[in-house]
Amino acid sequence: MRRFVIIGAGVSGVYLSILLKQKFSEDQVIVIEQNQAPLKKLLATGNGRCNLSNKHMNQCYYQSDCLDVVQKIIQDFDMVKQMEKLGLYCVYQGDLLYPKSEQALSVKNIFMKRAQDAGVTFHYEQEVLKIEKSQPYIIHTSQQRLKADCVILAMGSEAGKLSGMNASRYHLLKQLGLKVIEPIPSLVQFYTKPVLKTLKGVRVKGTFSLIENEKCIHQEKGELLFTDYGVSGIAIMQLSSFYKKHHKYQLYIDFFDEMSQNQLCEYLKKLPDHDLEGVLNHKIAVYFQKYQHLPVSKLASLLKRFPLDIQGIRDAQYAQVMKGGLSLKNTNEDLEIKKYPGMYAIGEILNVAGMCGGYNLHFALASAYRVAEAIERKSYVKNS
Ligand SMILES: Cc1cc2nc3c(=O)[nH]c(=O)nc-3n(C[C@H](O)[C@H](O)[C@H](O)COP(=O)(O)OP(=O)(O)OC[C@H]3O[C@@H](n4cnc5c(N)ncnc54)[C@H](O)[C@@H]3O)c2cc1C
């Protein structure tokens, strides 16, 4: 009997535990989790609705140091089909895939039921502190030591504060001498200067550009929310994935992305006193009253390229993911650590960060699937 030890009861770890136990019912599958309960982060995903995947699945929606490997993993995984096998019915709403129930809770319940049915063992409130590089591996937790023939690193990230903010996940990797790309928050809000406090709570639909040295780094069409520290909203979260530490950025807001600057000029000319009350949110119109005296071309250009200085990004606890983590250069295409046969890594602990829209859950589950298939293939070769 072999023993598989999975570190982390996030969505990637729990899904892999089900797949392994279904494939190798005679073997022991243990999941070690530092929290009191599994899948805490999953419950918060998609505002409690769990956006599992996206119709447009491609490496261009990810950042990683090995995008070729990411592409193979994401394209080989059919989320709808694999979730159906667990008893979870998923439907597309536009491009986004959700469980039919629109509840992350039903995803959690299905995963835990299937894990229980299969006979997976869970050890909660145990933090893994060290992995001895012996054969078998010896896992040191805050409460016990246990041997493992195969170890899977599924420790996720501190994003969202739901998987613990402690640094043990990265210490473990460093102890093993593995290359770690410094993790920074991504899919997160911006601090701005000035902070437009009078606009707090106002949502704007438009096009938003991340600018560095007058150059557009990335542009997003969507929604922005003004807050009492800066700006939030899906479009801003997407832009944040292009943010790099120690760089200076500006955000340009295009309030009228449906018109060219010339068209906007012509339109403004027709407005009595250039009064924006009838064309923008009331609070924004009031804010722009101070610019009403400007020549129409200047006012139009301000409305098309309204600048805010970006002062930084918010902390990991407000982020949806961390960019960085275990470099894919440490692993082969099956996510097995090259230095340590029988040790694998899956999910967000890896240096793979997707955009908003179901890309991160897709990778978490697809990487678990890839590893389960790889272990099965390896076992078949050994036994034949
Ligand atoms: C608010 C929010 C909303 C999101 N919404 C979406 C969405 O709608 N769609 C989408 O695709 N993605 C979304 N994401 C991102 C997505 O949830 C994550 O990328 C994904 O859940 C990562 O899964 P994981 O299993 O790799 O890691 P995690 O979910 O982070 O799980 C890792 C687990 O490992 C445990 N652990 C860590 N270190 C140790 C240790 N040393 N010992 C023992 N246990 C340890 C942690 O406690 C945790 O339970 C969202 C994230 C957040 C925060």
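Starting from 1, each residue takes its place in the sequence as its number. All ligand and atom numbering here is 1-based and tracks the order in the structure. Just so it is clear, the model here is predicted, and its values are computed rather than measured.
Within the 4.0 Å heavy-atom criterion, neither part of F363 lies near ligand 1. With a 4.0 Å cut-off on non-hydrogen atoms, A319 touches ligand 1 through its backbone and not its side chain. Only side-chain heavy atoms of K41 come within less than 4.0 Å of ligand 1; its backbone N, CA, C and O stay farther off.
Distances from atom 2 (C) of ligand 1 to the heavy atoms of M322, Q320, E33 put Q320 nearest. Of the listed residues (L16, I7, T45), the one carrying the non-hydrogen atom nearest atom 13 (C) of ligand 1 is T45. For atom 19 (O) of ligand 1, the choice among M355, M237, E348 with the nearest heavy atom turns out to be E348.
At least one heavy atom of I32 sits under 4.0 Å from some atom of ligand 1. Under a 4.0 angstrom heavy-atom cut-off, K40 registers as lying outside contact with ligand 1. In this structure, Q126 counts as a contact residue of ligand 1, since one of its heavy atoms falls inside 4.0 Å of the ligand.
The shortest N or O to N or O distance between V128 and ligand 1 is under 3.5 Å. Distances between N or O atoms of L361 and those of ligand 1 include at least one value under 3.5 Å. Where the criterion is an N or O separation shorter than 3.5 Å, residue side chain and backbone included, V11 meets it with respect to ligand 1. In terms of polar-atom proximity, defined here as any N/O pair under 3.5 Å, N51 does make such a contact with ligand 1.
Each of the atoms 24 (P), 25 (O), 26 (O) of ligand 1 lies under 4.0 Å from some heavy atom of S12. Which parts of ligand 1 touch S157 is read off a 4.0 Å heavy-atom cut-off, strictly below it: atoms 30 (O). Using a 4.0 Å cut-off to heavy atoms of G347, the atoms of ligand 1 that qualify are 26 (O). Set against the non-hydrogen atoms of Y359, the atoms of ligand 1 under 4.0 Å away are 11 (O). Annotation for ligand 1: atoms under 4.0 Å from non-hydrogen atoms of G46 are 5 (N), 6 (C), 7 (C), 8 (O). Of all atoms in ligand 1, numbered sequentially from 1 with element shown, those under 4.0 Å from a heavy atom of N35 are 47 (O), 49 (O). Counting the atoms of ligand 1 from 1 in the order shown, those under 4.0 Å from a heavy atom of A154 are 32 (C), 33 (C), 34 (O). Counting atoms of ligand 1 from 1 in the listed order, those under 4.0 Å from a heavy atom of G160 are 53 (C).
Residues S142 and Q126 have side chains that never bring a donor and an acceptor to within less than 3.5 angstrom of each other. Using modelled atom types and a 3.5 Å distance limit, the side chains of Q143 and H123 yield no donor-acceptor pair.
Salt-bridge check for D334 with K378: failed, with every basic side-chain N at 4.0 Å or more from each acidic carboxylate O. One finds a salt bridge joining E266 and K269 here, because a Lys/Arg side-chain nitrogen approaches an Asp/Glu carboxylate oxygen to under 4.0 Å. Look at K147 and E132 and you find no salt bridge, because none of the NZ, NE, NH1 or NH2 atoms lies under 4.0 Å from a carboxylate O.
Of all the heavy atoms in G312 and Y243, the pair that sits closest is CA-OH, 3.6 Å. Residues A159 and E348 share a closest heavy-atom pair of CB-OE2, 4.2 Å.
Between F288 and F306, the ring centre distance stays below 6.0 Å. Here Y267 and F256 keep their ring centres 6.0 angstrom or further from each other.
At distances below 3.5 Å, not a single donor-acceptor pair connects side-chain atoms of N351 with backbone N or O atoms of S327. Within the 3.5 Å criterion, the main-chain N or O of S53 finds a donor-acceptor partner in the side chain of N51.
Taken together through direct or relayed side-chain contacts under 4.5 Å among Ile, Leu, Val, Met, Phe, Trp and Tyr, L187 and Y249 form parts of separate hydrophobic clusters.
Counting heavy atoms of neighbouring residues, nucleotides and ligands inside a 6.0 Å radius, atom CG of D228 exceeds 12 of them.
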